[in-house]
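We name chains A, B, ... by the order of the sequence lines, and we start the count at 1 in each one. These numbers come from a predicted model, not from an experiment. Because only heavy atoms are used, hydrogens play no part in the values below, and waters and symmetry mates are left out as well, while side chains stay in.
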Protein chains: 2
Amino acid sequence: MMELTRKGEYAIRGIIYLAQQPPGRVSLISEIAAAADVPQTFLAKIFQSFAKLGLVVSSRGTGGGFVLARPASAITMREVVEAVEGPILPNRCLLGASCERGTGHCLVHDVWRQVQTEVVNILDAVTIDTLARGRDGRDAA
Amino acid sequence: MMELTRKGEYAIRGIIYLAQQPPGRVSLISEIAAAADVPQTFLAKIFQSFAKLGLVVSSRGTGGGFVLARPASAITMREVVEAVEGPILPNRCLLGASCERGTGHCLVHDVWRQVQTEVVNILDAVTIDTLARGRDGRDAA
DNA sequence: TTATAACAGGATCAAAATGATCCTAAAGGT
DNA sequence: ACCTTTAGGATCATTTTGATCCTGTTATAA
Ligand code: SF4
Ligand code: SF4
């Protein structure tokens, strides 16, 4: 239950690679895809989302590619995951403040709300630079 | 992201109804389905899972139906959810203790492990009798 | 200004998961 | 025997996931 999809995995792997590059260094999508071991066309879509949300800056033409839009220490794992998977939402009814059925919100609602809050807190507390460093730079998602 | 499926929602609604019945009272699947507003044939499958896992006891024939196998206070929301959705597993690689790729486990792994632990803790702390009581018995998932 | 490099975005597609139903068998009561 | 009720397998439509392709747009450089 609650599994991250491939898209989410790829997103994390891809942006970690970017974060591991020297600051300001522009990377091609082909380069990132190869390094992160992700199908290139798929990763391109993912980075489109990143760009639209302002996590990375893209440029076209010769010399173009992707760079982080902010320091890796200012990009959270939550932003990356939500960029491609949508908001953290363990139960549909958490969208509206209240109930989809019946009179008002129920105790189940509160439990899922609690789950949502906890997960968001954990992912908010992790930044990409932390992930990018890893131990000795080995292993990055 | 991480949305509970219909099956999970139905499972919770169904077992809460059972928990709201007088202890020992046998309920028909048709009755539960109507009360919880769930397609009956679908709910039947869900309760089959419950029975196989020992959350409920089923009996066939006239006068048959379902009863909780234990007091509602001894059945956790985690058990109910996992019965139909499988284990809480935010990332595939949490299954093996280590990595699917590369050398060893990475920092991403640790974050998802933390998420898993938190969610499990929350759901373990909630029992069905708490949910069944609700406020005034109104609203039950 | 033309050629080339690279991302943007829409369309498409196969495979898998989800949500639901149906049918036959087995178990239990009258 | 006959009816009731769950068990379990098979089936089926829809949606989501994962992936690819094609065309357009932007930018650089010869
Ligand atoms: S690199 Fe990290 S996240 Fe990816 S499979 Fe290995 S431990 Fe899991
Ligand atoms: S009954 Fe509870 S869980 Fe169901 S939609 Fe309403 S608030 Fe959400």
Roughly how many Å is it from [atom1] in [X] to [atom2] in [N], rounded to a whole number?
{"X": "A/Phe50", "N": "C/dG9", "atom1": "CZ", "atom2": "C1'", "result": "17 Å"}
{"X": "B/Glu85", "N": "C/dT18", "atom1": "CD", "atom2": "P", "result": "8 Å"}
{"X": "B/Phe47", "N": "C/dA20", "atom1": "CZ", "atom2": "C1'", "result": "17 Å"}
{"X": "B/Ile46", "N": "C/dA20", "atom1": "CD1", "atom2": "C1'", "result": "11 Å"}
{"X": "B/Gln40", "N": "C/dC22", "atom1": "CD", "atom2": "P", "result": "11 Å"}
{"X": "B/Leu43", "N": "C/dG19", "atom1": "CG", "atom2": "C1'", "result": "13 Å"}
{"X": "A/Gln48", "N": "C/dC7", "atom1": "CD", "atom2": "P", "result": "10 Å"}
{"X": "B/Arg60", "N": "C/dG28", "atom1": "CZ", "atom2": "P", "result": "7 Å"}

Salt bridge between [X] and [Y], side-chain N to carboxylate O under 4.0 Å?
{"X": "B/Arg113", "Y": "B/Glu118", "result": "no"}
{"X": "B/Arg25", "Y": "B/Glu31", "result": "yes"}
{"X": "A/Arg70", "Y": "A/Glu79", "result": "yes"}

Which of residues 21-33 of chain B sit near DNA chain D, with a heavy atom under 4.0 Å from it?
B/Leu28, B/Ile29
Side chain to side chain, [X] and [Y], heavy atoms closer than 4.5 Å:
{"X": "B/Ile46", "Y": "B/Leu43", "answer": "yes"}
{"X": "B/Gln40", "Y": "B/Ile29", "answer": "yes"}
{"X": "B/Leu68", "Y": "B/Leu55", "answer": "no"}

Quick check on DNA chain C: between A/Ala51 and A/Gly61, whose nearest nucleotide comes earlier from the 5' end?
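Comparing both residues, the 5'-ward one is A/Gly61.
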Name the residue closer to the 5' end of DNA chain C, choosing between A/Ser58 and A/Thr62 according to the nucleotide with the nearest heavy atom.
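The residue mapped nearer the 5' terminus is A/Thr62.
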Look up atom [atom1] in [X] and atom [atom2] in [Y], then write down how far apart they are to the nearest 0.5 Å.
{"X": "A/Thr76", "Y": "A/Ile128", "atom1": "OG1", "atom2": "CD1", "value": "7.0 Å"}
{"X": "A/Gln48", "Y": "A/Ser58", "atom1": "CD", "atom2": "OG", "value": "8.5 Å"}
{"X": "B/Ile75", "Y": "B/Leu18", "atom1": "CD1", "atom2": "CG", "value": "8.5 Å"}
{"X": "B/Ile88", "Y": "B/Leu94", "atom1": "CD1", "atom2": "CG", "value": "11.5 Å"}

Of B/Lys52 and A/Gly8, whose closest DNA chain D nucleotide lies nearer the 5' terminus?
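It is B/Lys52 whose nearest nucleotide is closer to the 5' end.
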First and last nt of DNA chain D near chain B, cut-off under 4.0 Å to heavy atoms, 5' to 3', are D/dT4 to D/dG18
Which part of the nucleic acid, if any, lies within contact of [X], taking any heavy atom under 4.0 Å across all strands shown: a base, the sugar-phosphate backbone alone, or nothing?
{"X": "B/Phe66", "answer": "sugar-phosphate"}
{"X": "A/Tyr10", "answer": "sugar-phosphate"}
{"X": "A/Lys45", "answer": "base"}

Angle between terminal axes - the helix from C/dT1-D/dA30 to C/dT30-D/dA1, 5 pairs each end, rounded to 10°:
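The angle separating the two end axes equals 0°.
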All heavy atoms of A/Glu82 vs all of A/Pro87, minimum pair found to be OE2-CA, 3.5 Å
On a heavy-atom basis, the closest approach of B/Ala19 and B/Ala72 is CB-CB, 3.8 Å
On the nucleotide C/dA17, are OP1 or OP2 found under 4.0 Å from the side-chain N or O atoms that B/Thr5 carries?
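The answer is no; no side-chain N or O of B/Thr5 sits under 4.0 Å from OP1 or OP2.
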